[in-house]
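Side chains are part of it too, since the values below use all heavy atoms of this structure and drop only hydrogens, waters and symmetry mates. Just so you know, these numbers come straight off a predicted model, no measurement behind them. Numbered from 1 within each chain, the chains take letters A, B, ... in sequence-line order.
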Protein chains: 2
Amino acid sequence: MKTTRNTTAKTTILEIIKNSEVALSHTEIQALSQNVCDRVTIYRVLDRLVAEDVIHKTVNLDGTIKYASCHHLHDDVIHTHNHIHFSCEKCHLVTCLENVEPTFKLPPNYSVREVNFTLSGLCPNCL
Amino acid sequence: MKTTRNTTAKTTILEIIKNSEVALSHTEIQALSQNVCDRVTIYRVLDRLVAEDVIHKTVNLDGTIKYASCHHLHDDVIHTHNHIHFSCEKCHLVTCLENVEPTFKLPPNYSVREVNFTLSGLCPNCL
DNA sequence: ATTTATAACGCAACAATGTTGCGTTTAATT
DNA sequence: AATTAAACGCAACATTGTTGCGTTATAAAT
């Protein structure tokens with residue numbers, strides 16, 4: 001049976017993501033991790049953390065993938081990531097707007113499994 | 001003064017995008033264009049078409065950037081792209097759901113300039 | 001505490017994607 | 001037909017992500 005292990009790479013990377021106010025890309029995590037492990041390991045750790053539902057992915061408007069920790073609220077059994085991400089064009093920070101849930105109505109026969117909502121513009125700090 | 005020219009590369013690429021029901025990536029456009037021009041030229045033409053607001057960009061959940069033609073409705077002066085894109089996980093086609101406009105309310109002091117809403121799951125054809 | 005199985009790792013090599021510089025071509029105006 | 005610079009091709013490079021494989025180290029069993 002497939003088990004999962006706690007390694008120094010995994011814990012430090014998770015710490016970096018948890019301590020960050022904003023979503024981080026692979027490259028940013030690599031810069032922050034000070035050679036704790038190989039570049040490839042970061043990719044693998046990120047994949048594992050996403051699979052374990054500890055962090056989530058979001059895609060920036062330029063195509064770069066960013067990671068942020070999941071804030072599991074209270075006792076939600078179903079845990080979704082359909083909140084909005086805001087990407088500032090000036091400071092390039094990506095923030096999770098946890099409380100902003102967009103609404104929309106879809107045509108029939110679409111089955112949604114994953115969601116990515118990203119806005120870009122200027123954040124309060126840069127406005 | 002900076003003018004823009006109509007070249008064969010530009011017109012054929014625009015045709016490809018306009019004739020497509022779904023949003024296309026650079027790689028897909030390259031495959032469909034049958035060596036009409038260099039790989040680099042495709043990048044440059046796409047940038048130009050986006051700048052001219054003839055096509056628009058959207059980002060898939062895997063980070064790949066797709067392009068679709070803009071359908072300027074009636075006499076809209078302000079022309080936005082804040083409709084939803086649907087990315088099918090099975091057939092990998094990205095469709096613009098032109099008529100589905102999401103609503104959401106943002107915290108104060110955010111200035112939005114661009115929007116990207118992408119859903120993924122199964123499209124009607126693959127359901 | 002030692003052994004053991006395998007998850008996770010490092011490294012090297014590769015693949016895909018996007019960018020830049022520069023000399024050449026060609027579209028559109030004169 | 002001449003002119004000008006937008007657009008092009010090509011080569012080289014940068015970045016990002018992937019894969020294979022031998023090695024390391026975690027966590028469980030002894």
Side-chain angles (χ1 to χ4, degrees), chain A residues 1-17 23-68 87 89 92 94 116 118 120, chain B residues 1-17 23-68 87 89 92 94 116 118 120:
Chain A
M1 176 224 168
K2 192 89 168 176
T3 62
T4 172
R5 292 179 185 176
N6 290 323
T7 64
T8 43
K10 186 176 167 184
T11 35
T12 50
I13 289 172
L14 183 55
E15 274 314 297
I16 288 169
I17 296 173
L24 299 172
S25 67
H26 172 273
T27 314
E28 290 162 341
I29 292 167
Q30 187 178 5
L32 290 169
S33 69
Q34 311 265 49
N35 292 337
V36 72
C37 64
D38 193 73
R39 199 169 63 88
V40 180
T41 301
I42 299 179
Y43 282 111
R44 299 199 258 230
V45 167
L46 290 173
D47 285 345
R48 235 180 306 149
L49 289 172
V50 170
E52 293 169 7
D53 206 30
V54 180
I55 63 174
H56 65 273
K57 256 175 159 174
T58 178
V59 191
N60 214 349
L61 288 179
D62 60 0
T64 54
I65 294 176
K66 302 246 179 178
Y67 298 88
S87 166
E89 291 175 353
H92 294 103
V94 177
N116 188 79
T118 306
S120 80
Chain B
M1 177 223 168
K2 191 90 168 176
T3 62
T4 171
R5 293 180 185 175
N6 289 323
T7 64
T8 44
K10 186 177 167 184
T11 36
T12 49
I13 289 172
L14 184 55
E15 274 314 296
I16 289 169
I17 296 172
L24 300 172
S25 67
H26 171 273
T27 314
E28 289 162 341
I29 292 167
Q30 187 178 6
L32 291 169
S33 69
Q34 311 264 50
N35 291 337
V36 73
C37 66
D38 192 74
R39 201 169 62 88
V40 180
T41 301
I42 300 179
Y43 282 112
R44 298 200 258 229
V45 167
L46 290 173
D47 285 346
R48 237 179 305 148
L49 290 172
V50 169
E52 293 169 8
D53 206 30
V54 180
I55 63 174
H56 64 273
K57 256 176 159 173
T58 178
V59 191
N60 215 349
L61 288 179
D62 60 0
T64 54
I65 293 176
K66 303 247 178 175
Y67 299 87
S87 165
E89 291 175 354
H92 295 103
V94 176
N116 188 78
T118 307
S120 80

So what does Thr27(A) hit on the nucleic acid, given a heavy-atom distance under 4.0 Å: a base, only sugar-phosphate, or nothing? sugar-phosphate
Let me know the distance between [atom1] of [X] and [atom2] of [N], rounded to the nearest Å.
X: Ile65(A); N: dG17(D); atom1: CD1; atom2: P; value: 6 Å
X: His26(A); N: dA16(C); atom1: NE2; atom2: P; value: 19 Å
X: Ile13(A); N: dC9(C); atom1: CD1; atom2: P; value: 8 Å
X: Asn35(A); N: dG10(C); atom1: CG; atom2: C1'; value: 13 Å
X: Lys10(A); N: dA25(D); atom1: NZ; atom2: P; value: 18 Å
X: Lys66(B); N: dT17(C); atom1: NZ; atom2: C1'; value: 14 Å

Show every salt bridge (Lys or Arg N to Asp or Glu O under 4.0 Å) that has at least one partner inside residues 24-35 of chain B, sequence neighbours left out. Glu28(B)-Lys66(B)
Base-contact (B) and sugar-phosphate-only (S) positions in nucleotides 25-30 of chain C, heavy-atom cut-off under 4.0 Å, - elsewhere: -BBS--
What's the separation between atom [atom1] in [X] and atom [atom2] in [Y], rounded to the nearest 0.5 Å?
X: Arg44(A); Y: Cys37(A); atom1: CZ; atom2: SG; value: 10.0 Å
X: Asn6(B); Y: Thr4(B); atom1: CG; atom2: OG1; value: 6.5 Å
X: Ile29(B); Y: Ile17(B); atom1: CD1; atom2: CD1; value: 4.0 Å
X: Gln30(B); Y: Asn35(B); atom1: CD; atom2: CG; value: 7.5 Å

From the list Leu46(A), Val45(A), Val50(A), side chain to side chain contact (heavy atoms under 4.5 Å, CB included) with Arg48(A) holds only for Val45(A)
Can you find a pair of side-chain heavy atoms, one from Thr41(A) and one from Thr7(A), that are under 4.5 Å apart? no
Strand-adjacent residues in residues 38-48 of chain B, judged by heavy atoms under 4.0 Å from DNA chain C: Arg39(B), Val40(B), Tyr43(B), Arg44(B)
Salt-bridged, Glu52(B) to Lys10(B), with N to O below 4.0 Å? yes
